[in-house]
A.B. asks: 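First the structure, then my questions, so here it is.
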Amino acid sequence: MHSVLITGGAGFIGQNLVHAWRTARPDDRLTVIDAMTYAANVRSLELLIADRSIHFVRGDIRDAELIRRLFDEHRFTRVAHLAAESHVDRSIVDPEAFLQTNVLGTFTLLHAALDAWRASGVIDRARFLHVSTDEVYGSLEPNYSAFSESSPYRPNSPYAASKAAGDHLVRSYVSTYGMPALITNCSNNYGPYQHPEKLIPLMIIHALKGKPLPIYGDGSNVRDWLHVSDHCEALISVIEQGRIGETYNIGGGNERNNREVVRLICDTIDRAFAADRALAARFPSCPAASGTSCRTLISHVTDRPGHDHRYAIDATKLKTEIGNQCSVGFETGLLQTVRWYLDREDWWRDVISGAYQVWIDKNYGFRIEI
Ligand code: NAD
Ligand code: TDX
């Protein structure tokens with residue numbers, strides 16, 4: 001039985017991880033810390049918080065005093081560190097928040113965990129998992145081999161650079177202080193509870209509202225799509241079975257370019273409307289409501305500066321050392337995801353009100369159709 005701290009547990013992957021952890025390890029005690037930035041949402045955790053199945057703390061990982069108190073109180077022996085600023089476009093507009101949380105926040109948390117584990121003598125059975133990204137490796141040419149754990153770091157956005165800095169700090173703490181830490185670098189996640197600023201939910205919601213589907217540049221950029229449930233399963237396996245000081249890449253094995261992804265979203269929505277006539281009444285502005293394809297909404301807009309062309313993950317080490325393998329195929333996962341956003345209009349309408357509109361104006365207002 002472990003006392004587990006999940007940072008960023010009100011974010012997209014964090015919420016999914018809380019549910020996955022409770023199912024996989026029901027005897028563990030879970031504490032979530034989250035600063036509740038614009039990206040956070042606790043609706044899926046409300047029942048667990050109310051019946052005290054998890055302990056939830058609204059707080060900042062840069063607050064060393066708070067982190068120290070939580071370690072004293074809860075005697076954590078596992079930390080899954082997911083708290084981060086995570087959106088590349090926002091890091092281009094406002095990089096400072098990324099350095100604050102992803103570098104200084106990671107440093108504060110690491111150091112507090114090390115101090116607490118040394119003082120309480122549990123360092124031999126403790127584990128700190130730093131959840132990072134494939135973006136630290138930079139961009140791949142179309143026919144290059146996928147990123148492995150020994151690929152050089154070549155971050156191209158302030159977000160990727162801040163995550164790379166976090167990875168380097170974690171690595172240095174292992175070598176210098178014997179910190180029992182591991183790192184995972186994963187590819188693009190998708191699935192339930194993802195914030196609508198990211199490609200897949202953004203395109204689904206725009207299509208349902210009959211708004212243009214803004215593909216950056218020519219849409220030939222490739223991502224390796226990983227269903228969040230596969231990711232969470234891998235994270236639990238790595239924290240339990242991974243070797244201290246090692247990095248494990250986690251990928252979905254689903255390389256698709258953005259044009260393909262957006263077309264598939266359109267076709268999936270078109271089919272859902274054809275099969276269920278009630279959807280037309282709920283989403284009358286969607287072209288599929290009148291039998292027109294959502295593909296008619298596709299538009300190409302000014303590219304993202306420094307836009308990485310391709311990411312792909314070689315997950316051989318995860319499979320051979322830990323026996324973990326992703327199982328959700330992209331077409332199946334995308335169908336489930338579209339279904340989830342169709343069913344959970346209440347969730348995304350809440351998220352896209354207010355401050356989110358300001359971001360949409362900021363990020364898409366300056367882009368011109370190309
Ligand atoms: P997210 O933006 O949905 O959630 C991040 C959470 O961290 C939010 O709830 C936010 O409130 C919280 N947070 C931010 N700053 C904080 C601070 N200073 N103190 C405490 N909490 C803070 O992100 P996500 O998509 O769930 O990503 C989770 C982790 O996985 C991140 O570290 C990200 O870099 C990494 N990652 C994500 C993806 C992906 O495709 N989503 C891929 C690779 C790696
Ligand atoms: O409106 C859009 N139009 C568009 O063409 C948006 C929001 C994105 N895109 C493109 C940019 C990327 O090539 O789609 C692709 C995916 O974009 P995002 O969803 O913003 O993800 P990405 O930049 O690839 O980064 C994601 O994966 C790695 C996560 O946001 C990171 O947190 C993670 O580390």
Side-chain angles (χ1 to χ4, degrees), residues 6-17 32-42 57-63 66-67 80-92 97-98 100-102 104-106 108-109 130-136 139 155-157 159-160 162-163 166-167 184-191 193-203 206 212-226 228 231-232 235 250-252 256-259 261-262 298-304 306-311 313 351 359-360 363-364 367:
I6 299 181
T7 74
F12 158 50
I13 301 172
Q15 288 176 68
N16 281 284
L17 183 63
V32 166
I33 180 170
D34 199 295
M36 296 303 292
T37 68
Y38 77 92
N41 193 303
V42 283
V57 180
R58 180 176 188 159
D60 195 310
I61 54 163
R62 290 169 301 167
D63 183 345
L66 170 66
I67 303 289
H81 173 36
L82 290 90
E85 288 292 337
S86 70
H87 189 32
V88 172
D89 292 313
R90 286 185 192 257
S91 82
I92 295 166
F98 289 72
Q100 285 291 337
T101 288
N102 303 358
L104 286 177
T106 297
T108 305
L109 185 72
H130 178 59
V131 177
S132 189
T133 174
D134 56 4
E135 304 207 4
V136 298
S139 186
N156 288 319
S157 69
Y159 163 71
S162 69
K163 292 297 290 186
D167 293 7
T184 52
N185 295 86
C186 72
S187 56
N188 285 59
N189 282 223
Y190 69 105
Y193 302 109
Q194 185 164 33
H195 194 281
E197 68 190 358
K198 305 285 166 53
L199 178 77
I200 289 179
L202 183 132
M203 296 297 174
H206 276 219
L213 308 180
I215 296 180
Y216 296 163
D218 67 2
S220 62
N221 307 68
V222 173
R223 299 293 183 262
D224 173 359
W225 293 97
L226 169 65
V228 67
H231 184 205
C232 292
L235 293 179
I250 308 171
R256 298 283 188 285
N257 72 39
N258 294 337
R259 271 194 314 265
V261 172
V262 175
I298 291 175
S299 74
H300 289 264
V301 299
T302 318
D303 210 349
R304 173 188 279 174
H307 196 173
D308 286 335
H309 193 259
R310 173 176 166 239
Y311 307 138
I313 283 277
V351 175
W359 163 250
I360 289 289
N363 189 45
Y364 296 93
R367 292 180 196 274

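Order of appearance sets the numbers: ligands from 1, and atoms from 1 within every ligand. Any value given below was found using the heavy atoms of this structure, including those in side chains, with hydrogens, waters and symmetry copies removed.
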A.B. asks: Short list, please: which atoms of ligand 1 are under 4.0 Å from a heavy atom of Gly59?
C.D. replies: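 Near Gly59, the atoms of ligand 1 are 19 (N), 20 (C).
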A.B. asks: Taking C-beta and beyond as the side chain, do Asp89 and Glu197 meet within less than 4.5 Å on heavy atoms?
C.D. replies: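 Counting from C-beta outward, Asp89 and Glu197 never come under 4.5 Å.
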A.B. asks: In the protein, which heavy atom is nearest to atom 8 (C) of ligand 1, and how far is it?
C.D. replies: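 Answer, as residue, atom name and distance: Asp34 OD2, 3.6 Å.
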A.B. asks: For atom 20 (C) of ligand 1, what's the nearest protein heavy-atom neighbour? Residue, atom name and distance, please.
C.D. replies: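 I find the closest protein heavy atom is Ala35 N, 3.3 Å.
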A.B. asks: Angle class for the Tyr364/His206 ring planes (parallel below 30°, perpendicular above 60°, tilted otherwise)?
C.D. replies: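 Ring orientation, 0 to 90° scale: tilted.
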A.B. asks: Looking only at protein heavy atoms, which one is nearest to atom 31 (C) of ligand 2, and how far off is it?
C.D. replies: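 Checking every protein heavy atom, the shortest distance to atom 31 (C) of ligand 2 gives Ser86 O, 3.4 Å.
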A.B. asks: For atom 3 (O) of ligand 1, find the nearest protein heavy atom and state the residue, atom name and distance (0.1 Å precision).
C.D. replies: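 Checked against all protein heavy atoms, atom 3 (O) of ligand 1 sits closest to Phe12 N, 3.0 Å.
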A.B. asks: So if I count the atoms of ligand 1 from 1 in the order they appear, which ones are less than 4.0 Å from some heavy atom of Cys186?
C.D. replies: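 Those atoms are 42 (C), 43 (C), 44 (C).
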A.B. asks: Quick test: of every protein heavy atom, which one is nearest to atom 38 (C) of ligand 1, and how far off is it to 0.1 Å?
C.D. replies: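 The answer is Ile13 CD1, 3.8 Å.
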A.B. asks: Look at atom 28 (C) of ligand 1 and say which protein heavy atom is nearest, naming residue and atom and giving the distance to 0.1 Å.
C.D. replies: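 Looking only at protein heavy atoms, the one closest to atom 28 (C) of ligand 1 is Leu82 O, 3.5 Å.
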A.B. asks: Which protein non-hydrogen atom lies closest to atom 4 (O) of ligand 1, naming both residue and atom, and how far is it?
C.D. replies: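 So the nearest neighbour among protein heavy atoms is Gly11 CA, 3.3 Å.
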A.B. asks: May I ask you to decide if Asp134's main-chain N or O and Asn185's side chain share a donor-acceptor pair within less than 3.5 Å?
C.D. replies: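 No: the side chain of Asn185 does not pair with the backbone of Asp134.
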A.B. asks: Can you tell me which residue and heavy atom of the protein come closest to atom 25 (O) of ligand 2, and the distance to 0.1 Å?
C.D. replies: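 Atom 25 (O) of ligand 2 sits closest to the protein heavy atom Glu135 OE2, 2.7 Å.
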A.B. asks: Does even one non-hydrogen atom of Lys163 get within less than 4.0 Å of ligand 2?
C.D. replies: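 Judged by the 4.0 Å heavy-atom criterion, Lys163 does not count as contacting ligand 2.
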A.B. asks: What protein heavy atom sits nearest atom 1 (P) of ligand 1, and how far away is it?
C.D. replies: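 Heavy-atom neighbour on the protein nearest atom 1 (P) of ligand 1: Ser86 OG, 3.5 Å.
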A.B. asks: Any idea which protein heavy atom is nearest atom 33 (C) of ligand 1, and the distance to it?
C.D. replies: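 Protein heavy atom with the smallest distance to atom 33 (C) of ligand 1: Tyr159 OH, 3.6 Å.
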